[in-house]
Amino acid sequence: KNKLKKINYNFIDSRYIKYIYLSNSKIEYIEPLAFYNLQKLESIDLKFNFIRKIELKTFKNLYNLKRLDLSDNRIESIDSFSFIDLTQLT
């Protein structure tokens, strides 16, 4: 298991990553624009973490994202425009 508590802005700087699996990682917070440079990203798995809040721009610029799993977190608030760029979600 990962012990990553926070996903920082631009935590991965690679335009070629398509899949990120961070389930069961004890993540509590995702900074806005954390995934901004990952334009080819198609799937993010963040299930079974401790995420409480989804802020504006958390998933900004992820126009190719098709799958986002936030299940089994502790989400208390979601900014109403958090998912506006995610037009490919299925």
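Hydrogens, waters and symmetry mates are skipped; everything else that's a heavy atom, side chains included, is used.
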Checklist line | Stepwise side chain to side chain contact (heavy atoms under 4.5 Å, CB included) test for Ile20 and Ile12 | finding: CA-CA 10 Å; Ile20 292 179; Ile12 295 175; 4.2 Å; yes

Note to self: What verdict does the side chain to side chain contact (heavy atoms under 4.5 Å, CB included) test give for Arg15 and Asn37, after you've listed the backbone C-alpha separation in whole Å, the side-chain angles of each residue and the deciding distance to 0.1 Å?
What the structure shows: CA-CA 6 Å; Arg15 300 188 197 292; Asn37 287 327; 3.8 Å; yes

Item checked: Derivation of the side chain to side chain contact (heavy atoms under 4.5 Å, CB included) call for Asp45 and Tyr19 -> CA-CA 8 Å; Asp45 185 338; Tyr19 309 100; over 6 Å; no

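The closest donor-acceptor contact from the side chain of Asn64 to the backbone of Gln39 lies under 3.5 Å. Checking side-chain atoms of Asn73 against main-chain N and O of Arg52 turns up no donor-acceptor pair under 3.5 Å. No donor-acceptor pair under 3.5 Å is formed between the side chain of Ser77 and the backbone N or O of Lys53. With hydrogens and angles disregarded, a donor-acceptor distance shorter than 3.5 Å links the side chain of Asn49 to the backbone of Ser25.
The shortest heavy-atom contact between Phe59 and Leu86 is O-CD2, 3.7 Å. Closest approach of Tyr63 and Thr87 over heavy atoms only: O-OG1, 4.2 Å. Here the closest non-hydrogen pair linking Leu56 and Phe81 is CD1-CB, 3.6 Å. Listed here is the closest heavy atom pair of Ser82 and Ile78: OG-CG2, 3.9 Å. Shown here for Leu38 and Ser14, the closest heavy-atom pair between the two residues is CD2-O, 2.8 Å.
Both Ile54 and Leu22 belong to a common hydrophobic cluster when Ile, Leu, Val, Met, Phe, Trp and Tyr are linked at side-chain heavy-atom distances under 4.5 angstrom. Cluster membership for Ile75 and Leu4, using ILVMFWY side-chain heavy atoms within less than 4.5 angstrom, is shared. Clustering ILVMFWY residues whenever any of their side-chain heavy atoms sit less than 4.5 angstrom apart, transitively, puts Leu33 in a cluster other than the one holding Ile30.
From Gln88, atom CD reaches atom CG of Leu62 across 11.5 Å, with rounding to the nearest 0.5 Å. Taking NZ from Lys40 and CD1 from Ile17, the interatomic distance works out to 12.5 Å, rounded to the nearest 0.5 Å. A distance of 11.5 Å separates CZ in Arg74 from CD1 in Ile51, rounded to the nearest 0.5 Å. With rounding to the nearest 0.5 angstrom, the CD atom of Glu42 is 12.0 Å from the CG atom of Leu89. In this structure, OG in Ser71 is found 6.0 Å from CZ in Phe48, a value given to the nearest 0.5 Å. In this structure, the separation between CG on Leu41 and CZ on Phe35 is 7.5 Å, given to the nearest 0.5 Å.
Counted by atom type alone, Tyr36 and Glu31 present zero donor-acceptor pairs between their side chains at under 3.5 Å.
Side-chain contact between Tyr29 and Glu55 is present, with at least one heavy-atom pair separated by less than 4.5 Å. Using a 4.5 Å heavy-atom threshold, the side chains of Asp69 and Leu46 count as separate.
A salt bridge links Lys60 with Asp85: at least one charged nitrogen is closer than 4.0 Å to a carboxylate oxygen.
Within 6.0 Å of OH on Tyr9 lie more than 12 heavy atoms contributed by other residues, nucleotides or ligands.
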